[in-house]
Each structure stands twice: as structure tokens, then as C-alpha cells.
Amino acid sequence: MNEEKKTLFSAIQPSGIITLGNYIGAIRNWKDLMDKCNCIYALADLHTLTVKQVPAQLRSNTYELAAIYIASGIDPEKCIFFVQSHVGAHAELTWILNTMTYPGELSRMTQFKDKSRSHADNVNMGLMDYPVLMASDILLYNADLVPVGQDQKQHLEITRDLAIRFNNRYSETFTVPEPYISSVGAKISSLQDPEKKMSKSDPNVNAFISLNDDRDTIIRKFKRAVTDSDNEIVFSEEKPGISNLITIYSTVTGKSIESIEQEFEGVGYGDFKIAVGESVADLIDPIREEKNKILKDKAYLDSVFKRGAEQAERIAYRTLSKVYRKVGLVERKH
Ligand code: ATP
Ligand code: LTN
């Protein structure tokens, strides 16, 4: 780790095949930050257990997500890249932080409320405790920056509160992290309900573009995307459907919103939707093909996980033993 560079931590849950929203809101920025920061990227598999998972599916989603990270340009030689459950310190720090977190802080979280509604048959303690595990992920590495989409901002606030609370109670220990949320693309909406975020666990497959979708599927989903009644390609809060498509097109092509409005002046929604679909397919096709190649070599992925866990563990356990000492637990002698 280069001491002069800032440390950055982020993670995605292997809870399904990732969407265009995850790519634009998270992974795309990770790549750009790799040369500027010491980057640590995790596969947050423990977080996925907060909702019911099919065990074999979870395992295969974890390999899929790892292959997608690499196919998207996250080079495991240039960052620390690991599976959360391989480093025990994450669960251990969660216990300590749980003793300083209040139920009221967790029960008011938007994600908890949303998921309690969508998984009403399984509102478990882990679902409520999700942000504390996330805080542990970040604080173990003393991350300065955490690149995430808009939906995770609240969880970053709890993380900051817990870091400050611990530092005040036991003396300076944790770095208080800053969220890094890009101005465009931090919230990509569902293609079927622009008021909702695009989510990989949406039961309606037409609501999201998955990184496994082929060109025809992508274009078909964009053609079916819900838009507003007028036919003008203009970005506006009153037109969330078309504005979402403009945001996607802008982030994927690098063109500004104004230049897109000019380019498509007088063009109907139908043609614009095809243009957005084509541009997204151009982005996703090579990533999907590369991902499928990488996936064939499980031994390679296992070796990446092994090395990443060793690197992460060294940092994480250094922080955890400091925490254990500060709260008064007796040190284990080796
Ligand atoms: P799930 O549907 O299983 O809850 P998710 O699709 O919301 O999952 P996460 O694994 O929770 O995805 O999020 C991974 C990253 O992607 C986070 O940084 C999150 O902020 C970002 N992200 C998720 N959805 C979007 C979206 N619609 N737009 C932009 N960023 C997003
Ligand atoms: N909760 C995150 C995934 C996640 C994460 C993290 C993100 C788990 N641990 C630490 C940033 C830092 C989500 O995006 N749903």
C-alpha cells in the first residue's frame, strides 16, 4: 500500500447478476479511481444472506461477480480484491460495533424499510444489522473514500457516526470515511417504473438490464421501457422515464445531456430507445464475453481470492486487534 495515496473501499453483493445500474453507479467509477488510490474491492457475500439465497446459486453468483469485476477492468494485480467471508475480521468487528449501535438508528434506514416490505416473510436481525456489517467492511481498512450509488449514502452516514462514536469513546482509532457519489448516474431507475431504482433482485426482468443480457434482449427491454406521454427528448424532473434513458445514454457514450437533447431534437422516442439500446449493448457485449472466458478458469479465480484474502486479512486483523485492545479485551499471546 502506498502511504501517500488515499485508501478506497467498496463492495457489491453477489445477490444476482449485476445490472447496468450497478455498473454505472459503482464499477465504472472504481476503474477510474484505481490509479489514484489504494483500492480494496470486496464481494459482499455475507450481506447477501440477509435475504434468502439458494446456496448453489450464491456460490455461482460469487464467481460470476468476480469475473465481471475483472472483465470490467478491475485488475486484481493493482488492487486488493477479495471475498468478504474469507476474512473473519468483518464479522468480528460487527459484533463490537453492534454493542454501540441503537435499534432506532437501524430501523429508520430506507433500505431496511424497503426490504422488510419486499421480504415480509423473512425480516431477520441480519437485515436490520446490514449497515453495521457494511461499516465494519469500511472501517477495518481505514478507508478515506467509498464509491457507491446514491442508495447507499444513508449507510455511509451510519458508518461515519459509528467511527466518530468509537473514536470519542476510546480515542482516535478509525478514519472517518467520505462517500464518493458521482454526479451523473448515481441513481439509474427501473425501466418499468422510473420512480424506483434499477435493482438486480426486481422480480420483473424487463425492469433491469443485466450484464448477462445479449444485444437483442437489451434492445427489446429498452423498446419496452416506460416513458412519458409527450414525444420530446428533453431531460426534466417531470419526465423521469425519458430522463433516465438520457442519463444512461450520457454515461455510456460520454456525451453531455445538452448535446444529446440537440442530437435527438425532432426524433421520436422509438428511435431514441433503439439508440440507447445499441450503445448499452456495445458496452456490455465485450464485458459479457470476457466474463464468460474468465469464468471458465475457476482455478484462476480461486487463486485471486486466496491472494486477496491474505492481503486483506493482514490489514483487517491489525485494525481489529487495536479495537479489541482499546475496548479492554485481553490480548491473545502467540
Ligand atoms: P439488490 O437488488 O440485491 O438489493 P442492488 O442491485 O441494489 O442489489 P447492490 O449490491 O446493493 O445492488 O449495490 C451495489 C452497488 O451498486 C452499490 O454501490 C449501489 O449503490 C450501486 N447501485 C445499485 N443500484 C443502483 C442504481 N439503480 N443506480 C446506480 N447505482 C446503483
Ligand atoms: N451495501 C452495499 C454493498 C456493500 C458495500 C460495503 C459498499 C457491502 N459492504 C462497503 C461499500 C462499502 C450495497 O451496495 N448494497
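In listed order, ligands and their atoms are each counted from 1. Both backbone and side-chain heavy atoms feed into the values below; hydrogens, waters and symmetry mates do not. By convention here, the first residue in the shown sequence is residue 1.
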Report task. Classify the angle between the aromatic ring planes of F272 and Y249 as parallel (below 30°), tilted (30 to 60°) or perpendicular (above 60°). Result -> perpendicular

Query raised in the report: What orientation do Y141 and H90 show, parallel under 30°, tilted 30 to 60°, or perpendicular over 60°?
Result: tilted

Proximal ligand 2 atoms for [X], defined as those under 4.0 Å from one of its heavy atoms:
X    : result
Q13  : 15 (N)
V148 : 7 (C), 11 (C)
F9   : 10 (C), 12 (C)
V146 : 11 (C), 12 (C)

Report task. Could you tell me the separation between the CG atom of D213 and the OG1 atom of T19, rounded to the nearest 0.5 Å? Result -> 10.0 Å

Report summary line: To the nearest 0.5 Å, atom CD1 of I68 lies from atom CD1 of I18 at 4.5 Å

Query raised in the report: On the ring face of F174, is K322 found with NZ or CZ under 6.0 Å from the centre and within 45° of the axis?
Result: no

Query raised in the report: Is a side-chain donor or acceptor of S210 paired with a backbone partner of F208 at a separation under 3.5 angstrom?
Result: no

**Report entry** Donor-acceptor pair, side chain of K273 and main chain of L245, under 3.5 angstrom
**Finding:** no

Is [X] touching ligand 2 with its side chain, its backbone, both, or neither, if touching means heavy atoms under 4.0 Å apart?
X    : result
A44  : side chain
H47  : side chain
D151 : neither

Report task. Run through ligand 1 for me and note each protein residue having a heavy atom under 4.0 Å from it, chain first, then residue number. Result -> I12, Q13, S15, G21, N22, G25, A26, K115, V148, G149, D151, Q152, G185, A186, K187, I188, K197, M198, S199, K200, S201

Query raised in the report: How far apart are the C-alpha atoms of Q111 and D151, what are their side-chain angles, what is the distance that settles it, and do they pass the side chain to side chain donor-acceptor pair (under 3.5 Å) test?
Result: CA-CA 8 Å; Q111 181 179 297; D151 61 313; over 6 Å; no

Query raised in the report: Looking only at N/O atoms, are Q84 and ligand 2 under 3.5 Å apart anywhere?
Result: no

Query raised in the report: N/O to N/O below 3.5 Å, does that happen between Y130 and ligand 2?
Result: yes

Report summary line: All heavy atoms of I12 vs all of A26, minimum pair found to be CD1-CB, 4.3 Å

Query - Heavy atoms from other residues, nucleotides or ligands near NZ of K326 exceed 12 (cutoff 6.0 Å) - result: yes

Query raised in the report: Can you tell me which residue and heavy atom of the protein come closest to atom 3 (C) of ligand 2, and the distance to 0.1 Å?
Result: A11 O, 3.5 Å

Query raised in the report: Where the closest heavy atom to atom 9 (N) of ligand 2 is concerned, which of D137, L133, D45 has it?
Result: D137

Query raised in the report: Strictly under 6.0 Å, is that where the ring centroids of Y63 and F305 end up?
Result: yes

